[in-house]
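Note sheet for the following structure.
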Amino acid sequence: TQLGTGPKQAPANYMLGTAAYLTQTWRSNDFTIDPPSVANAAEWVEAMNDILPDFEINTPKRVAAFLAQCGHESGGFSVLKENLNYSAKGLMGTFKKYFPTEDLAKQYERKPEMIANRVYASRMGNGAEASGDGYKFRGRGYIQLTGKDNYSLFDATVPESIIAQPDLVATKYPLASAAFFFKRNNLWAICDRGSSPDVVTAVTKRVNGGTIGLADRQKLKANATNGNSKISFGSKKKGKAKRAYSKYEQKPKKYKGQGR
């Protein structure tokens, strides 16, 4: 079955959280806003209901893990492009490997494009620093999809050329790109093990490459796991008109390439 076609077959009433839950309880250690900052949270929930099952995000454990990681990576579903506006001190603290001296860090501080091109050069499918791939394929979307390899893989699932228009990951597919990343990297094998600190740590390492923000991710996972409201995945009425996802998430009628 191609992604986005046909009625959903997932059982009803998997816990995802209500609009009230999304707008009121996403309080974390690292931010104090009410994410996601949307005018119609119910519509945002509907978009998740329709999109997430296509990527096998279809159990409470998986939904909770997904929301927790995305919530942290995107600053509460509000930051859709990676912020690389670092000071010299910040560069030496966060990217010590690439900025071992203050003199070098000073040359790059507050220059996001230069910073991205250096720290993401020659890895994740990117070319050398001079290629500009690091900045072109910097983190975007709710999971901060990063690197030409990941963009190329996601490109195969949507009608547009993501390689030619990488900003679409942030402007049109922030949710789908994050769900794609989880499925592509088989994170469900970890998520299905439960909600223990060890499980959250293991998922975080796969998403982040380390354990940055681990305490916050654990708190968000607990919030998602403890949500006490349930809504169903997909439409129970066959032939129901496509939902309008507005600015929160636009889902194409047909996906190409690696659709399920």
Side-chain angles (χ1 to χ4, degrees), residues 1-5 47-48 50-57 62 65-66 69-70 72-75 77 79-84 94-95 97-98 112-191 202-210 212 245 247-260:
T1 302
Q2 272 203 324
L3 181 60
T5 62
M48 289 196 294
D50 199 33
I51 291 171
L52 299 194
D54 285 319
F55 296 93
E56 299 179 22
I57 308 178
R62 294 180 180 189
F66 179 74
Q69 293 294 330
C70 289
H72 179 84
E73 289 289 330
S74 64
F77 301 94
V79 179
L80 300 181
K81 293 183 181 180
E82 185 176 9
N83 179 9
L84 289 153
T94 304
F95 301 113
K97 176 181 178 180
Y98 302 99
E113 185 169 355
M114 287 179 59
I115 292 170
N117 287 334
R118 180 172 179 81
V119 301
Y120 294 140
S122 303
R123 60 192 183 102
M124 298 181 291
N126 293 338
E129 184 173 348
S131 72
D133 284 350
Y135 187 73
K136 182 177 181 180
F137 302 112
R138 67 193 183 279
R140 291 182 179 86
Y142 292 142
I143 206 68
Q144 297 292 286
L145 194 72
T146 307
K148 189 174 183 178
D149 281 347
N150 281 320
Y151 276 71
S152 296
L153 290 168
F154 183 62
D155 175 83
T157 70
V158 295
E160 302 91 342
S161 172
I162 296 298
I163 296 301
Q165 305 174 79
D167 274 339
L168 287 176
V169 172
T171 61
K172 189 172 183 180
Y173 300 116
L175 181 63
S177 62
F180 166 83
F181 178 87
F182 261 67
K183 185 178 187 303
R184 176 73 188 181
N185 288 279
N186 194 30
L187 294 183
W188 309 136
I190 302 174
C191 300
V203 175
T204 298
K205 287 181 177 179
R206 294 286 292 276
V207 170
N208 176 256
I212 295 174
Y245 296 145
K247 64 182 179 181
Y248 314 126
E249 179 76 4
Q250 298 177 47
K251 182 178 180 180
K253 293 180 179 179
K254 292 183 179 180
Y255 283 62
K256 68 180 182 181
Q258 299 175 353
R260 297 203 316 109

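As the structure is a computational prediction, the values presented were derived from the model and not from experiment.
Considering every non-hydrogen atom in both I163 and S152, the closest pair reads CD1-OG, 3.4 Å. Contact detail for L84 and A116: the closest heavy-atom pair is CD1-CB, 3.4 Å. What you find for W188 and K183 is that their closest heavy atoms are NE1-CA, 3.8 Å. For the pair V203 and C191, the tightest heavy-atom approach, listed with the atom from each and the gap, is CG2-SG, 4.1 Å.
Between the side chain of N208 and the main chain of T204, no donor-acceptor pair closer than 3.5 Å is present. Formation of a donor-acceptor pair under 3.5 Å by the D155 side chain with backbone atoms of Y151 is not found in this model.
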Test side-chain contact (heavy atoms from CB on, under 4.5 Å) on F95 and R118 and set out the steps. CA-CA 10 Å; F95 301 113; R118 180 172 179 81; over 6 Å; no
Check step by step if side-chain contact (heavy atoms from CB on, under 4.5 Å) holds for Y173 and I162. CA-CA 10 Å; Y173 300 116; I162 296 298; 4.2 Å; yes
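Looking only at side-chain heavy atoms (C-beta outward), S177 and R140 stay at 4.5 Å or farther from each other. Residues R62 and F182 are not in side-chain contact: their nearest non-hydrogen atoms beyond the backbone lie 4.5 Å or more apart. At least one side-chain heavy atom of L175 sits less than 4.5 Å from a side-chain heavy atom of L52. The closest side-chain heavy-atom distance from E160 to K172 is below 4.5 Å. In this structure the side chain of R184 never reaches within 4.5 angstrom of the side chain of F154, judged on heavy atoms.
Note that the CZ atom of F180 and the CD1 atom of I51 stand 14.5 Å from one another [nearest 0.5 Å]. Summarising the geometry, atom CD belonging to E73 is positioned 11.0 Å from atom CG belonging to L145; distances are rounded to the nearest 0.5 Å. Separation of atoms CZ (F137) and CG (N150) is listed at 11.0 Å; rounding is to 0.5 Å.
Y98 and E129 form no side-chain donor-acceptor contact under 3.5 Å, judged by distance and modelled atom types alone. Neither side chain, Q144 nor S74, offers a donor N or O lying under 3.5 Å from an acceptor on the other.
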